[in-house]
Enquirer: 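Below you'll find the structure I mean.
Just follow the structure's listing: the first ligand is 1, and inside any ligand the first atom is 1.
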Amino acid sequence: MVSVAIINLTKTYGTTAAIKDLNLEIKDGEFFIFLGPSGCGKTTTLLCIAGLLKPDKGEVWLGNELVTSSERDVYVTPQKREVAMMFQDYAIYPHMTVFNNIAFPLEVRGEDKSEIVKRVTATANLLGLSQLLDRKPRQLSGGQRQRVALGRAIVRKPKVFLLDEPLANLDAKLRVKTRTDLKKLQRELGVTTVYVTHDQVEAMTMADRIMVQRDGVTEQIGTPEELYNHPANLFVAGFIGSPEMNFTDCTLIKEGARLWLDAREFKTPVPTQVAPKLESYVGEDLIMGIRPEDLYERKSVKGSTQKNALRMTVDIIEPVGPYLLLHLRKGRCSLVARVKHTTARVGQEVDIEMDPSKMHIFDKKTAKAII
Ligand SMILES: Nc1ncnc2c1ncn2[C@@H]1O[C@H](COP(=O)(O)OP(=O)(O)OP(=O)(O)O)[C@@H](O)[C@H]1O
Ligand SMILES: [Mg+2]
């Protein structure tokens, strides 16, 4: 088990900059996730850590060992890095039994027969494959096959796991179960894990920390809670959370001593505790963000004292399990509120309140979060 450090990493394919000056430190034993839309550079970064790809610039460190540096002309081969990589389209050998599939990397390395039996048995136990060791892949379910591929990756006791969308081939239900199993397994083994996904729910539920990438650039690194509660910019705010955060264009105005966000259809006071941070933006265009769960129907708030509810029309009501999503509209402003229940009907007007302490404010010019 080791930490992983990436310093000023850059990789360009022709004219496409896949990674632009990436800096990152992954802690020993951490479950770290690269999250971002298709083409943002996740796989490229992983391949550079594995040594399957040489970057144009920058360094990769595994613990105290420098394994890649174009400047210092260092390049350690993938075999010598002791990392295990599993791809989305993992291949397990169809003509081999589960036992032989898992044993394969040890055999290639010329391990002792008795050591191989010991290690394969232990790995199969860990993954719940003990009863299936004599079967061939075609006699297994998708999830079981996926666990065999995982078994083959972990049997070598690597220092680092690199997993590229390993659950993408599984159906939705199995993916949820395997997600939990994989996280438990990672905790038990304590192996530093770098995991790639474009699925924000997967990232939020599994990761110790997440790096959100876009177009080869890091948008934010943080724990799932940090990304959710304190997104650094509009991209992260919109990418994480489902249904996504509501965004409304507004202008910051000052009336007397009080700051207001004026969105034309409604005006909402800036909470006094954050007002000092906004003082210099008076007259500027801003974007206000509020998550659907931080909007309420006034009726459902006991003893409400807010004066500034917004009266909006209910467009659609979507039931999603324990919640309802109210799609609301007023003029050019539309919002989604997540509520537990409602008596409102489509076409009716409702008074909506927001929790001002949950408000996010972004600079429209830079897209960066101000509060
Ligand atoms: N061998 C290659 N030759 C040219 N361009 C490439 C090559 N591999 C990747 N790219 C480009 O580099 C960028 C990053 O690709 P990468 O595979 O790292 O993305 P990704 O985040 O893993 O995407 P996905 O979620 O679709 O797997 C993309 O624009 C891609 O088209
Ligand atoms: Mg990829």
Side-chain angles (χ1 to χ4, degrees), residues 4-26 31-60 62 67-68 70 75 77-78 81 83-92 142 146 149-150 153 158 160-172 175-176 178-179 182 192-207 209-222 224 227 231-242 244:
V4 178
I6 293 175
I7 301 164
N8 301 128
L9 199 76
T10 297
K11 176 71 196 174
T12 306
Y13 298 105
T15 53
T16 310
I19 315 172
K20 299 173 199 162
D21 200 27
L22 172 66
N23 285 283
L24 174 64
E25 200 159 341
I26 299 168
F31 199 132
F32 195 94
I33 292 192
F34 295 168
L35 172 69
S38 185
C40 71
K42 305 180 296 291
T43 298
T44 305
T45 313
L46 214 58
L47 292 172
C48 289
I49 300 174
L52 293 166
L53 195 63
K54 281 189 189 176
D56 306 328
K57 269 203 279 186
E59 294 182 349
V60 178
L62 297 179
V67 292
T68 300
S70 44
Y75 170 69
T77 60
R81 292 192 185 196
V83 301
M85 184 149 176
M86 184 175 150
F87 297 96
Q88 171 184 344
D89 49 356
Y90 58 81
I92 53 175
Q146 195 266 350
L150 198 60
V160 181
F161 287 143
L162 303 174
L163 307 174
D164 194 350
E165 310 231 10
L167 308 186
N169 284 337
L170 304 181
D171 69 50
R175 203 155 62 216
V176 173
T178 314
R179 191 160 88 192
L182 197 57
T192 312
T193 301
V194 190
Y195 185 107
V196 164
T197 182
H198 59 259
D199 180 342
Q200 53 117 357
V201 177
E202 209 168 285
M204 295 295 278
T205 50
M206 293 174 94
R209 282 191 307 153
I210 299 170
M211 170 169 76
V212 180
Q213 286 174 290
R214 176 169 63 155
D215 295 339
V217 175
T218 302
E219 293 285 335
Q220 190 171 1
I221 297 174
L227 298 187
N233 52 50
L234 278 172
F235 180 76
V236 175
F239 198 73
I240 290 186
S242 177
E244 77 168 65

Enquirer: Please assess Asn233 against Gln220 for the test side-chain hydrogen bond (donor to acceptor under 3.5 Å, both in side chains), listing each intermediate value before the final yes or no.
Expert: CA-CA 8 Å; Asn233 52 50; Gln220 190 171 1; 5.6 Å; no
Enquirer: Work out which heavy atom in Ala153 is nearest to a heavy atom in Ala84; give both atom names and the distance.
Expert: O-CB, 3.2 Å
Enquirer: Considering only heavy atoms of Thr44, which atoms of ligand 1 have at least one such atom less than 4.0 Å away?
Expert: 14 (C), 15 (O), 16 (P), 18 (O)
Enquirer: Would you check whether Cys40 has a nitrogen or oxygen atom less than 3.5 angstrom from a nitrogen or oxygen atom of ligand 1?
Expert: yes
Enquirer: Measuring from Leu167:CG to Glu202:CD, what's the distance to the nearest 0.5 Å?
Expert: 4.5 Å
Enquirer: Within Thr43, is some N, O or S atom less than 2.8 Å away from the Mg ion (ligand 2)?
Expert: yes
Enquirer: Taking the non-hydrogen atoms of Gly36, is any one of them nearer than 4.0 angstrom to ligand 1?
Expert: no
Enquirer: Counting only N and O atoms by type, is there a donor-acceptor contact under 3.5 Å from the side chain of Asn23 to the main-chain atoms of Asn8?
Expert: yes
Enquirer: Given Ala17, Gly216, Gly39, Ala18, which one has a non-hydrogen atom that is nearest to atom 20 (P) of ligand 1?
Expert: Gly39
Enquirer: Side-chain contact test, heavy atoms from C-beta onward, threshold under 4.5 Å: evaluate it for Leu53 versus Tyr13 and give yes or no.
Expert: yes
Enquirer: Please work out, at 4.0 Å between heavy atoms, whether the side chain, the backbone, both, or neither of Thr16 comes within that distance of ligand 1.
Expert: side chain
Enquirer: Has Arg214 got a side-chain atom pairing as donor or acceptor with Phe235's backbone, closer than 3.5 angstrom?
Expert: no
Enquirer: Please work out which of Thr12, Ile19, Thr43 has its closest non-hydrogen atom nearest to atom 17 (O) of ligand 1.
Expert: Thr43
Enquirer: Before signing off on this row, confirm whether Ser38 and ligand 1 have an N or O atom pair separated by under 3.5 Å.
Expert: yes
